[in-house]
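So the structure is just underneath, and the comments pick up after that.
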Amino acid sequence: MLKNGLFIMTGGFIALILGLTSSDGYQFFTLLIGILLIAIGFVLYNRAEQKEE
């Protein structure tokens with residue numbers, strides 16, 4: 001789960017960067033998807049960290 005959380009957060013950061021640099025009509029949706037992916041990845045990463053302890 002650690003690797004899955006990190007992978008999803010990486011995808012979220014890439015979507016966030018693409019959303020910040022684009023100027024098309026889909027910028028809001030790209031930013032929203034990036035933020036959601038970062039949040040989901042953080043939750044997965046946090047759960048895996050707590051299970052290891």
Side-chain angles (χ1 to χ4, degrees):
M1 280 237 318
L2 279 173
K3 289 181 183 178
N4 290 339
L6 288 174
F7 180 74
I8 293 173
M9 280 197 305
T10 303
F13 281 118
I14 291 170
L16 190 68
I17 290 169
L18 289 175
L20 289 173
T21 59
S22 69
S23 61
D24 58 355
Y26 300 108
Q27 182 180 14
F28 174 74
F29 295 115
T30 309
L31 288 172
L32 186 64
I33 290 170
I35 291 170
L36 286 175
L37 285 175
I38 291 170
I40 291 169
F42 181 74
V43 168
L44 286 175
Y45 181 81
N46 232 5
R47 283 187 186 171
E49 278 286 324
Q50 289 175 357
K51 282 184 181 178
E52 283 187 357
E53 292 178 357

- prompt: If you round to the nearest 0.5 Å, how far is CG of L18 from CD of Q27?
  reply: 11.0 Å
- prompt: Rounded to the nearest 0.5 Å, how far does CG of L31 lie from CG of L20?
  reply: 5.0 Å
task: Find the distance between CZ (F42) and CZ (R47) and round it off to the nearest 0.5 Å.
output: 12.0 Å
task: Mind listing the closest non-hydrogen atom pair of G34 and A15 along with its distance?
output: CA-CB, 3.7 Å
message: Would you compute the distance between atom CD1 of I14 and atom OG1 of T30 and round it to the nearest 0.5 angstrom?
response: 13.0 Å
message: Within this structure, what is the CD1-CE distance for the pair I40 and M9, rounded to the nearest 0.5 Å?
response: 12.0 Å
field: Linked, directly or transitively: I35 and L32 (ILVMFWY side chains, under 4.5 Å)
entry: no
Atom pair CD1/OH of I33 and Y26 - distance to nearest 0.5 Å: 11.5 Å
